[in-house]
Number of protein chains: 2
Amino acid sequence: MVTELNDGTFDFCETLTDAEDALAREMLERASAKWPLRVMHILAEAKGPLRFSRVLERVEGISQKVLTQTLRTLEADGLVTRTLYPQVPPRVEYELTPLGGELLVEVVGLWQWIANRLPDFEAARKPKGQTEN
Amino acid sequence: MVTELNDGTFDFCETLTDAEDALAREMLERASAKWPLRVMHILAEAKGPLRFSRVLERVEGISQKVLTQTLRTLEADGLVTRTLYPQVPPRVEYELTPLGGELLVEVVGLWQWIANRLPDFEAARKPKGQTEN
DNA sequence: TAGTTCAGTTACCATAAGGTATGTATAGAT
DNA sequence: ATCTATACATACCTTATGGTAACTGAACTA
């Protein structure tokens, strides 16, 4: 799908419809976004179901409103399951689906790749000041 | 860094400071975002420098204000070079850096992974309606 | 003298994202 | 009768993102 040419440039071959392409980009953007990524990460570390409050405690800085929204979106995308136990007070457990786990591994892989290159990124940030007008 | 355990769960081992971790997440989020990704993609396909107007034409739907912002951010992150030729009217060329090209290959790899799994994502989207309150 | 070109900048506006604070339902404990 | 716990929903407000439209500057052209 992506090949490096011998002149150092890259070639991208696409076999998707525009709709599929757009959908894949959207999923990529969602899965890499701050809150979904952190929520999935917490659920992966838990290695099992977590109650709403436990997730809220562990995802530092998130509000319960945004956590609710994030979990609902993840559920709608099939990345997380929501299980309601009709007790009083209610108990709701969230867990990563296998698909969510696989996606997370891929995203974390990219994140680690970036982390390994951080020195390069820092070095590349405006080494001199050549580009002023 | 990421290992799948034999019980099907995953283990994440981190050796970064919080600051490095946050920076890597930020770069991940930026590189996966809609406009930066599309701009980098166009520049990669061009296999060489492109003038501002050419990029503007090829990135469908972007406004020149946002394109300017996007290119400046990519430049500040060392993913794109900006070369000003002091003519009248001015000529400015943008080109992917090697680092930008490498990052793009990684991001596009993830994007292609998602694209290959699109049937799974579609199948996982609310197959029945079990989770109503 | 006025118009064209290029790569922006600036002002203004609409929408989205996200935060805080408060309300809600229900059963059990005090 | 009141309080507590849980998982939200809702109202309200601020900030961020992004779009449109108009303006700029300097040289060349008609």
Side-chain angles (χ1 to χ4, degrees), chain A residues 22 25-40 42-43 46 49-77 80-95 130-133, chain B residues 22 25-40 42-43 46 48-77 80-95 129-133:
Chain A
R25 275 179 208 266
E26 201 188 316
M27 290 300 302
L28 168 63
E29 202 175 344
R30 281 194 209 176
S32 311
K34 182 181 177 186
W35 295 130
L37 180 57
R38 297 185 57 181
V39 168
M40 290 173 72
I42 289 297
L43 289 176
L50 272 189
R51 298 187 65 164
F52 181 85
S53 309
R54 303 305 127 238
V55 183
L56 187 59
E57 286 164 7
R58 296 178 198 196
V59 180
E60 204 184 352
I62 201 171
S63 69
Q64 50 91 337
K65 191 187 79 169
V66 172
L67 178 56
T68 303
Q69 289 172 356
T70 304
L71 285 168
R72 293 296 164 91
T73 304
L74 290 172
E75 189 200 1
D77 287 337
V80 155
T81 57
R82 183 185 118 105
T83 312
L84 166 69
Y85 298 91
Q87 308 171 349
V88 170
R91 183 158 69 101
V92 179
E93 288 184 346
Y94 294 92
E95 191 172 11
Q130 318 128 301
T131 331
E132 74 285 351
N133 276 8
Chain B
R25 276 179 207 266
E26 200 187 316
M27 289 301 301
L28 168 64
E29 203 177 342
R30 281 193 208 175
S32 313
K34 183 182 176 185
W35 295 129
L37 180 57
R38 297 184 59 182
V39 168
M40 290 173 72
I42 289 296
L43 289 177
L50 272 189
R51 297 187 66 162
F52 182 85
S53 310
R54 304 303 127 239
V55 182
L56 188 59
E57 286 166 6
R58 296 178 199 196
V59 180
E60 204 184 352
I62 201 171
S63 66
Q64 32 85 308
K65 189 187 79 170
V66 172
L67 179 57
T68 304
Q69 289 171 355
T70 303
L71 286 168
R72 294 295 161 93
T73 304
L74 291 171
E75 187 200 2
D77 287 338
V80 155
T81 57
R82 184 185 118 105
T83 311
L84 167 70
Y85 298 91
Q87 309 170 348
V88 170
R91 182 160 69 101
V92 179
E93 288 184 346
Y94 294 93
E95 191 172 12
Q130 317 127 305
T131 330
E132 74 285 352
N133 276 8

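In what follows, every heavy atom counts, from backbone to side chain, and hydrogens, waters and symmetry copies are set aside. Naming: A, B, ... by sequence-line order, numbering from 1 per chain.
Distance, B/Gln87 CD to C/dG8 P: 13 Å, rounded to whole Å. When rounded to the nearest whole Å, the span between CG of A/Leu84 and C1' of D/dC8 equals 11 Å. At whole-Å resolution of the value, CZ in B/Arg82 and P in C/dC6 are 16 Å apart. Rounded to an integer number of Å, the gap from B/Lys34 NZ to C/dA17 P is 12 Å. Between the CD atom of B/Glu75 and the P atom of C/dA7 there is a distance of 15 Å, rounded to whole Å. Atom pair A/Arg38:CZ and C/dG18:C1' shows a separation of 14 Å (rounding to whole Å applied). A/Leu56 has its CG atom 11 Å from the P atom of C/dT20, to the nearest Å.
As judged by a 4.0 angstrom heavy-atom cut-off over every strand, A/Tyr85 is placed among residues making no nucleic acid contact.
Near DNA chain D, meaning a heavy atom under 4.0 Å away, the residues from residues 61-71 of chain B are B/Gly61, B/Ser63, B/Gln64, B/Lys65, B/Val66.
Interatomic distance, CZ of A/Arg82 versus CZ of A/Phe52, reported as 10.0 Å (0.5 Å rounding). Expressed to the nearest 0.5 Å, how far CG of B/Leu50 lies from OH of B/Tyr94 amounts to 11.5 Å. To the nearest 0.5 Å, atom OG of residue B/Ser32 and atom CE of residue B/Met27 are 10.0 Å apart. Distance CZ/A/Arg58 to CG/A/Leu43: 9.5 Å, rounded to 0.5 Å.
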Ignoring hydrogens and angles, write down the donor-acceptor pairs under 3.5 Å from the side chains of residues 60-69 of chain A, residues two or more places apart or on other chains.
residue : atom : partner : partner atom : Å
A/Ser63 : OG   : A/Val66 : N            : 3.3
A/Thr68 : OG1  : A/Gln64 : O            : 2.8

**OP:** Would you give a per-nucleotide map of nucleotides 25-30 of chain D, 5' to 3', where B means the base has a protein non-hydrogen atom under 4.0 Å away, S means only the sugar-phosphate does, and - means neither?
**Re:** BBS---
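Applying the salt bridge (charged side-chain N to carboxylate O under 4.0 Å, His left out) criterion to B/Arg54, with sequence neighbours excluded, gives B/Glu57. Applying the side-chain hydrogen bond (donor to acceptor under 3.5 Å, both in side chains) criterion to B/Thr81, with sequence neighbours excluded, gives no partner residue. In this structure A/Pro49 satisfies the side-chain contact (heavy atoms from CB on, under 4.5 Å) test together with A/Glu93, A/Glu95, sequence neighbours excluded. In this view, A/Arg38 satisfies the salt bridge (charged side-chain N to carboxylate O under 4.0 Å, His left out) rule with no residue, not counting sequence neighbours. For the side-chain contact (heavy atoms from CB on, under 4.5 Å) test, residues two or more places apart in sequence or in another chain that qualify with A/Pro36 are A/Ala33, A/Thr70, A/Leu74. A/Glu26 pairs by the salt bridge (charged side-chain N to carboxylate O under 4.0 Å, His left out) definition with A/Arg30, not counting sequence neighbours.
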Polar-atom pairs under 3.5 Å, protein N or O versus N or O of nucleotides 14-16 of chain C: list them with distances, or write none.
none

**OP:** Mind running side chain to side chain contact (heavy atoms under 4.5 Å, CB included) on A/Lys34 and B/Arg25 for me, showing each step along the way?
**Re:** CA-CA 8 Å; A/Lys34 182 181 177 186; B/Arg25 276 179 207 266; over 6 Å; no
**OP:** Evaluate the criterion side chain to side chain contact (heavy atoms under 4.5 Å, CB included) for residue pair B/Val92 and B/Arg51; output intermediate values, then yes/no.
**Re:** CA-CA 6 Å; B/Val92 179; B/Arg51 297 187 66 162; over 6 Å; no
**OP:** Determine, stepwise, if the pair B/Leu37 / A/Leu28 fulfils side chain to side chain contact (heavy atoms under 4.5 Å, CB included).
**Re:** CA-CA 11 Å; B/Leu37 180 57; A/Leu28 168 63; 3.7 Å; yes
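Close to D/dA7, at under 4.0 Å from its OP1 or OP2, lies no side-chain N or O of A/Arg91. For the pair A/Arg72 and D/dC8, the criterion of a side-chain N or O lying under 4.0 Å from OP1 or OP2 is met.
Checking D/dG18, D/dC8, C/dG8 against the side-chain heavy atoms of B/Phe52 singles out C/dG8 as nearest.
One end of the helix from C/dT1-D/dA30 to C/dT30-D/dA1 points its axis 40° away from the other end's axis, with each axis taken from 5 pairs and the angle rounded to 10°.
Nearer to the 5' terminus of DNA chain C, by closest-nucleotide assignment, is the contact made by B/Ser53 (compared with the other of B/Ser53 and A/Trp35).
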